[in-house]
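A short write-up of the structure that comes next.
Only a predicted model underlies this, so the values are computations on that prediction, with no experimental measurement involved.
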Amino acid sequence: MRKLLFALMITIAGTPFVSPASSQTAQQQPAPTQKFDPDQCGAGGMGCQPPDVQEWVAKGMEISNLPMVALSYYADACVKHPDWKHDCETDPRKVLRRIGITDF
C-alpha cells in the first residue's frame, strides 16, 4: 500500500500543473490604444448626446464645477423638464436634487 501511495505521489508531482488563470493571462492580447471620437455615437465614440443635451452640459460646465456624470444627469433632466428652465439656467445642483441625486 505504501508503494502504491508513493508511486501515486511521484506521478502527481511529476505532472506539470498549469493554473487556469495563468494560461488565460498568457493567451490575452494587450488592448490596442483606443482613440474615441465624440462625434461618433455608440461604444466606438463612447456615446453621443443629442444637441439639446450637449447644450445643457455646456451650460452646466459654465455655471458649476460638477463632475461630468452629474452634468449628464442634469442636462437630461433639463431637456425632459422644460418647465425647470430657470433652475437649469441658474442652479444645476437644485435640478439634481429634484431628480434624487444628492451625492455630488
Chi angles and distances behind the side-chain contact (heavy atoms from CB on, under 4.5 Å) call for Asp76, Ile99: CA-CA 10 Å; Asp76 285 336; Ile99 59 173; over 6 Å; no

Intermediate values then yes/no, side-chain contact (heavy atoms from CB on, under 4.5 Å), Met61 and Trp56: CA-CA 8 Å; Met61 291 173 75; Trp56 281 114; over 6 Å; no

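We find the CH2-OG1 distance between Trp84 and Thr90 to be 13.0 Å, quoted to the nearest 0.5 Å.
Just one residue in the list Asp83, Val79, Val95, Ile63 forms a side-chain contact (heavy atoms from CB on, under 4.5 Å) with Cys88, and that residue is Val95. For the salt bridge (charged side-chain N to carboxylate O under 4.0 Å, His left out) with Asp87, the lone residue among Lys94, Lys59, Arg97, Arg93 that qualifies is Lys94.
Residues Met68 and Val57 have side chains in contact (heavy-atom distance under 4.5 Å, counting atoms from C-beta outward).
No more than 12 heavy-atom neighbours from other residues, nucleotides or ligands sit within 6.0 angstrom of CG on Asn65.
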